[in-house]
Structure formats: C-alpha cells, structure tokens
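As the structure lists them, so they are numbered: ligands from 1, and atoms in each ligand from 1. Values below: all heavy atoms of this structure, side chains included; hydrogens, waters and symmetry mates excluded. Everything numeric in this text was worked out from a predicted model, so none of it was measured.
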Amino acid sequence: MEWIIKAEEFDPDKVEWNGTRFLLGNGRIGVRGTLDEYGKDQCVAVNMAGVYDQVEGKWREPVNAPNPAYTYILVDGERYSLPDREPASHQEGLDFKKGIFFRKTLFITPRGRVEISSERFCHYSYGDLICMTYHVRADFNCEIEIYTGIDNEIWDLNGPHLKNTRLYEEDGVLISANETQEKKIPVATGEKIHVDFRCERQVIQENDKILHRLTFIAEKDREYSFYKFMTVEKGPGAAERAKSAALDFYEKGYEMLYLDQVSVWGKSWDESRVEIKGNEEDETRINYCIYQLKILAPRFDKDLSVPARGLSGQTYKGAVFWDTEMFILDYFLYSDPEVAKTLIEYRIKGLKGAKIKAKEYGYEGAFYAWESQEDGFDACSDYNVTDVFSGRDMRTFFRDKQVHISAAVVFGIIKYIKATGDTTILKDGADELIIECAKFYDSLLLKKVHSDKYEIHDVIGPDEYHERVNNNLYTNLMAKMVFEEAIKLLEEGELRSRFEDDYKHIFIPTPNKDGVIPQFDGYFSLEDATLDEVRSRILNPKEYWGGAYGVASWTQVIKQADVVTALELFAQEYDRDILKANLDYYQSRTEHGSSLSACMYGLLHLQLDEVEKAYPFFEKTSTADLVQGGKQWAGNIYIGGSHPAAAGGAYQMMIYGFLGLSFEDGKISMKPRLPKDWEEVKIRLKYRGNVYEIIEEGKRGTCTKIG
Ligand code: BGC
C-alpha cells in the first residue's frame, strides 16, 4: 500500500491545501505541512492544543506558537526559496506511516544547480518535540549562507495572541518567550541546532526572528546537513523548559529520536491499520483518515478534546463540536480507549459551564457549548458569519439553538460504556451529566393545551441552513434517547416519573403518505427548488446559504444530512421502505456543504445493504483532506483546514458499514458488505480490554482474539 502522499511540483495555488494534507501532529501540537522557508503568508502554523486566547473585540481561538523550523538559504548572496523563486523541480509530501514531512527542491542558479531537502516530524513519544534535518548540496563551489531559527511572525486569524516577546540565546538554545494576551499564559519555543560541518556561526535578530547564520564555502557536490531539536512549551516555566528539553533532545541525537518515531508509529499502525486486498487506493485513503485522527488524539494531556479542524490551525476557533461524539469518538473507542475516555472526561469537566449556559437561556440542566473551548467555555459568537455584501456580522443562532449538542454528549457516553464496559465514569460524573442533560430537554418541552404531545420548538438541527425550526426529527429523537438513558440511572421518584412521562409523550414527526418524514414542521411547504436552481441564485461565491436571507433558507435544500442522520442512528425503529424513501428524497436536496454529511448517507445505505450506492459516499468522506476543493469560506470567514469528522465518518463506514460489525454484550458480530473489488479486509481493534483481528472476504468473516 502507498503510505506516501506527495506533490510532484510546486503550485502556488496548493500552498494552503498542502499545509493541511501534509499536516503533522502528536495530539499536543500540530505542525502544518508547509515549507521551511515559508512564513505567515503561506499559512505556517505550530498549533497548540488547548491553549486559547482572545484579542479584544476578536474571536477567541487557539494559539499558534512561534515557528522554530524557519529556514532559508542564500547562494552567492542570492536567496533561493519558494514561493518567490521558480524551482527546476520540487517535491513535497508526507510519509504517514512514520509521521514525517519531507521536501526536495532543485534550483538552477547562474553558476549551477543547488538542491535542498529536509525532513521534519512532530515526535509521537514526546508531546513537546519537533525534529528536523536539512541538507544542501551544490554542483559547483559557492558561498552558502543558511538562516535558520525561530520566526515570531505568526499566522493568526484573530491575533496577534502573543506579547511581551523575548528572543534570546541561552546555553546554545534559541528561545522565543512570550505570553498570551488574555490569560498571560507563558508560551515558549526553543531551538537547538547540531551542525555537522565547519562554518562560521552567528546568531542574529531580524524583524521578529532570531536566527543562526551559518556561512561556509560549499565544495562542489558535497552535502551539508544540520539537525534541529525544537520544543514548544506552555505554562509557568515555559521558557526554561523549552531550553532544558531542547538540550535533552539534542543529547539524545537525531538518529535515536528518528528511530523512536518510526518505531512508535509502527506499533501504533500494528494496532489499528486497515488492510484491503483488491483496492490499494481505498486502503491508502482509510489509513490516511486514521492518520488524521491519530495526530490529533490527546494522548499526553487530560482536559482536552478534539477540535473540529483538528490541529491544522485556528478555523472554527479550535473548538470542539458535536463532531467529536457523533463522528470521531468511534475510532478511539475501538483503537485507543484511553483517548476515548479523555474525550468523555473533557465533557464531564465541562458540565459546570453547561449548567451555567442553560441558566443563561432560562433552562434547567446542562446545555453544552456549541463551540467548546477549555472547561467547556462556549466560544460561539451570536454573529458567527459575516455577510459578504454588507461586510456586516450576521446574527446566527448556532449558539442559542443548536440544542442537540447536549444529546450528542450523552450519546458519546453511552457509546463509550458499550464499547469499553467501563462504567466507572458514571460515578465519576457521567451519571450527573446525563441527568442534567435530561433536565435540560425536559425544560425545553412545550405542551399545547389540546394535545398530549410534547414538542420542541425554535431549534437548529444538524442542517444549519434552516434556523429556528420546530420539531426537528433529529433533535426530538435524540432528546428522547436522553430521557431513556436518564431513566435507567434513576431510582423511582419524581424526577424519574417526569422523564418517563417526557419519554412517552415527546412528539416524533411521522412519515407522510410517501414515507418521507419532514425535517421539521412546515418543511414540505418550503419552495421545492433544485440544488442547481438554488446555486444559480448565488451572487457571490463566498455568500452564506443559510441565515436570515440565505438562498437555501426558504427552500427545501439543506446543508447536510439531517433526517438521514436521525434515521441512520435510529434505523431499527423504522421500516426499510421508510429508510429508502427518505434517503431518496433528501439526497437530491442535500448540498453536502458540510464534510459531516456524506458518511451519514453512506452508513444508512449500508444498513440497507446498498453497497454500490454507499461507496461514492465513502470515497467522498475518506478523501475530504486528500482532494482539493473543500469549502474554504463561510461568508467572509476562513473555514479551511483538516476534516477529522469526515475521517471519523470513513472509519465508521468501514467498521459498522462495510464490515457490518456490531458490538453487543461483549460479543462482536459481523455482516460483511464489501464493495465488489475489495477481496479481503483485515482490521485489528480493541473491544472490552481485548484485541481482535477481523478478516472478511466476500460474505464470510473471522474474528480472532489475539490479545
Ligand atoms: C457544520 C456543523 C459542524 C461544524 C464543525 C459546520 O459547517 O454544519 O455540523 O459541527 O461545521 O465541523
């Protein structure tokens, strides 16, 4: 299988996308796959998980640390670097088996050829370490100057976040010591270099950079190399630790750290890689998705979850959405249950904030943050989209009305307990959390005088284009599930009776004569325009389709799977005909404008054994970061970056869909539904403390306990 994805030439239009698809990470830091000489205009980022900052009047977002990998060269006094100089050849890419980014560039100078190459990795065993090696070779004698060090000119969407910067050298380590604006959190990067050739060395400061200058006369055809040990630290003593850790890693040496990197990644792949005989391309795709999930897993820190754009930058404020529980969690449940637990604990810790949010809106119980940052703080703004026509901020209701988030949190906990058998989290706060979420939905219920049904009004379901709707199928079904789970936890008493009553009476929209369930009250009376018609009404390519006067708002065109998501989760409660009718109806009306959409269609098709219909959705969800062209803008707001929910959706399609795995009462059962050309699929996964190897071919499968 191909473990290397790469670009074979330099294309200035792909700089931002390459940064995302060649992303490195280890759960604590994410380092975009950008070139050594790039700066903030090329979207370089060393993204720090869980460190947030707000500059007055702007959005609160995660902090990007100063970039310690910054490097460029001069040959006979002339700078040779991209994107300003045309290369004779160029290659850059990612070896995702080892978590290594590489590049090789050839420049033709007036006197001959100069080749530079480098490799970089975010160490998988040490959360604070980035390593790099850089080589230069010329086919003529020349003077070379290498500039390498820390670049403090940081790419920020809503920055600058760092102040009180001090750039200095101490004990041979370059250090950038800073503080965040809002909470004055110390943030530091350190850089220690090992140079294996003779040169004149100086440390210089230019603009916001502290750099080594290495000057030497390069002999024709000789390769000159250096190695860098770079540390990223936060919190009290960050600068001191950045220095001492850089010195420690320097002592260990590049080779040992490299071998360790390869070996920990190898072990990690042994535990979770998917093998597909018969379709190498799909094999690469699914394992690349797994890579994207592995690099954002909080393995070193507690109190963290997974941001919607991973560690690829500051999009969506580095916040945690329902994406985590509904799309991403499942991979960790069956590959790294410890990480899954951390994700759940993050929500338990956020309960306090969720209770405060519920109160703020006049509800009982726990209303989780739509865009959750540290301690569950809701970073979602009331004006979350900018109108491209007026330049004004638009009132959106994501924060106030996307009430389905609390149910997603409960759903995640239930999945966690089912997969791991670990019920200890209940007494550690999850039971309170579930009951508080049930109280929240209880306080949302409305009873009309002449009806015995309880309704939920004024919400946004998964489809964000239709705001403030009543009786969204998904929301009501999820609320019902929360009542059911809360009932299981409660002894007889007033609260339990109340939830029982809620469970019995909550209104669940029913199918029309064609078997189609309205997404919300009145959905069918909206204009039934086609997707193409709606698209043709757009006046500006960046305009937002939803909100007050979006082109989709008054039509049946929806952003993403909504009823289909509901039916995928609760399929057992509906007849096949109903499932089919809804898939058909909603498919032609879905923009798939969110990367969360495709996998839900795919999963539901697979529940119906419609493998061929499901397959294109697998292709789409598994390549969300492998093909260029995902949405980059919502109004004037940049939303580029990686798509872990789509990757998680691909994993779900693999295990629940194609392999048809179900996990009940300690037993794994299989129902293979493999695409035609997949001759055999092999996967390893963890379930209730054991490791299993599952092999399926055609309609048969074996499941063997191997550890
Ligand atoms: C989707 C949401 C999702 C968010 C973060 C939005 O575009 O509509 O469902 O949670 O992106 O991925």
Side-chain angles (χ1 to χ4, degrees), residues 20 59 61-62 157 289 292-293 296 305-329 343 347 368-373 378-381 384-386 394 396-409 411-412 459-467 469 472 474-475 478 519 542-547 550 552-553 557-566 568-569 586 590-601 620-621 624-625 630-650:
T20 297
W59 280 359
E61 62 187 11
L157 299 181
C289 288
Q292 283 286 351
L293 297 168
L296 52 73
S305 185
V306 175
R309 286 286 183 270
L311 300 177
S312 64
Q314 295 161 319
T315 288
Y316 287 143
K317 309 172 189 113
V320 180
F321 291 65
W322 70 311
D323 306 31
T324 301
E325 283 76 14
M326 304 308 292
F327 297 81
I328 296 168
L329 176 68
L343 305 182
R347 294 300 196 177
Y368 271 84
W370 179 243
E371 298 185 355
S372 182
Q373 296 183 338
D378 200 338
C380 191
S381 121
N384 230 30
V385 175
T386 315
M394 253 188 207
T396 48
F397 292 87
F398 308 139
R399 186 185 198 275
D400 337 29
K401 304 295 177 189
Q402 245 170 119
V403 299
H404 64 81
I405 178 64
S406 290
V409 172
F411 198 68
V459 303
I460 304 180
D463 159 35
E464 290 185 337
Y465 288 164
H466 295 89
E467 299 193 344
V469 300
N472 168 248
Y474 175 85
T475 306
M478 289 295 279
Q519 188 172 296
K542 287 185 187 168
E543 84 181 68
Y544 182 58
W545 288 30
S553 304
V557 165
I558 60 173
K559 178 177 179 186
Q560 66 205 86
D562 194 311
V563 168
V564 166
T565 303
E568 144 56 21
L569 298 175
Y586 284 103
T590 306
E591 183 212 1
H592 296 296
S594 157
S595 63
L596 277 52
S597 193
C599 60
M600 288 298 155
Y601 277 86
K620 192 166 161 97
T621 195
D625 293 322
K631 264 196 186 173
Q632 303 288 314
W633 301 95
N636 277 333
I637 289 159
Y638 174 74
I639 56 167
S642 63
H643 298 85

When you pair each N or O of ligand 1 with protein N or O atoms, which pairs come out under 3.5 Å?
| unit_1 | atom_1 | unit_2 | atom_2 | d |
| --- | --- | --- | --- | --- |
| ligand 1 | 7 (O) | Y316 | OH | 3.2 |
| ligand 1 | 7 (O) | K559 | NZ | 2.7 |
| ligand 1 | 8 (O) | E464 | OE1 | 3.1 |
| ligand 1 | 8 (O) | K559 | NZ | 3.0 |
| ligand 1 | 8 (O) | Q560 | OE1 | 2.6 |
| ligand 1 | 9 (O) | W322 | NE1 | 3.0 |
| ligand 1 | 9 (O) | Q560 | NE2 | 3.0 |
| ligand 1 | 10 (O) | W322 | NE1 | 2.9 |
| ligand 1 | 10 (O) | D323 | OD1 | 2.7 |
| ligand 1 | 11 (O) | Y316 | OH | 3.4 |
| ligand 1 | 12 (O) | D323 | OD2 | 2.6 |

A side-chain contact here means heavy atoms from C-beta on lying under 4.5 Å apart; do F411 and M326 qualify? yes
Checking [Y] against [X]: is there a side-chain donor and acceptor pair closer than 3.5 Å?
X    : Y    : value
D378 : Q373 : no
D463 : Q519 : yes
Y544 : T386 : no

query = What about F327 and W322, are their ring centers closer than 6.0 Å?
reply = yes
Given the options H466, H404, R399, K401, I460 meets side-chain contact (heavy atoms from CB on, under 4.5 Å) only with K401
